[in-house]
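Here is the structure we will look at.
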Amino acid sequence: ETGVTQTPRHLVMGMTNKKSLKCEQHLGHNAMYWYKQSAKKPLELMFVYSLEERVENNSVPSRFSPECPNSSHLFLHLHTLQPEDSALYLCASSHTGRGLTPYEQYFGPGTRLTVT
Amino acid sequence: GESVGLHLPTLSVQEGDNSIINCAYSNSASDYFIWYKQESGKGPQFIIDIRSNMDKRQGQRVTVLLNKTVKHLSLQIAATQPGDSAVYFCAEMEYGNKLVFGAGTILRVKS
């Protein structure tokens, strides 16, 4: 799991708190992703950054705000979350090519978020 | 109200037997498929991938089969071991780098 790291691994926050999740990849990839994994739904894509530009925002509420300062780091800023936002938040990274060349995504261990 | 979680199918196999995990995908335009393994407390781990111009690909103890006619993907694990116990997800790539994941299958290996 040293390829993609995530901190913190566990987070408990109240609905009025502001917190940030951090992801770092050491694989030389140039695309990074945020996914949400909950008990009720399959793994859901939230955001995609390719070459540090956001290329996908999968209808995610504005209380989730991503930031990608460079190709190795990705943040997810959280504010005024709801209890239903409690889930495992996974970061992934991959190469990205021009056109539609697909590459496998490598995942971090996730941050287990509980909103009280 | 009462929360309802996903009810994942479970495959129980005896150690040493072969396992076959199946997945139906939705988009006939998908051209890339991946199998992931997720152990408790960990993120999904890449196992094997296959592109739509192939119907079979083999790795170490694993084989992926793709049937585009019926939009079906399977993962075969040879000589299943206790360490193979996990949730297995198939994922299809519809365009660009956007992966769509299935709900997953729980594999339990009995010693």
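Just so it is clear: chains get the letters A, B, ... in the order the sequence lines come, proteins before strands, and each one is counted from 1.
For B/Met54, the CE atom is densely surrounded, since the number of other residues' heavy atoms within 6.0 Å is greater than 12. Within 6.0 Å of atom NZ in A/Lys19, 12 or fewer heavy atoms from other residues, nucleotides or ligands are found, so the atom counts as exposed in its surroundings.
When the side chains of ILVMFWY residues are joined at heavy-atom separations under 4.5 Å, either directly or via intervening members, B/Val100 and B/Phe33 end up in two distinct hydrophobic clusters. A/Phe75 and A/Tyr49 are members of different hydrophobic clusters when ILVMFWY side chains are connected at heavy-atom separations under 4.5 Å. Under a hydrophobic-cluster definition in which Ile, Leu, Val, Met, Phe, Trp and Tyr are linked whenever side-chain heavy atoms come within less than 4.5 Å, directly or via other members, A/Tyr106 and A/Leu90 are assigned to the same cluster. If you chain together hydrophobic residues whose side chains sit under 4.5 Å apart, A/Met46 and A/Met13 fall into the same group.
Note on A/Lys41, A/Glu44, A/Arg112: by heavy-atom pairs under 4.5 Å with chain B, the leading option is A/Lys41. When A/Ser38, A/Gly110, A/Cys91, A/Pro42 are compared by the number of non-hydrogen pairs under 4.5 Å with chain B, A/Pro42 comes out ahead.
To the nearest 0.5 Å, atoms CE (B/Met93) and CD (A/Glu104) are separated by 9.0 Å.
Two residues are said to be in side-chain contact when any heavy atoms from C-beta on lie closer than 4.5 Å; B/Leu99 and A/Tyr33 fail this criterion. Side-chain contact check for B/Gln38 versus A/Leu88: some heavy-atom pair is nearer than 4.5 Å.
Looking at A/Leu43, the atoms closer than 4.5 Å to chain B (heavy atoms on both sides) sit in the backbone and in the side chain alike. For A/Gln37, the part sitting under 4.5 Å from any heavy atom of chain B is the side chain, from C-beta outward, and nothing else.
Residues A/Phe107 and B/Phe46 keep their aromatic ring centres 6.0 Å or farther apart.
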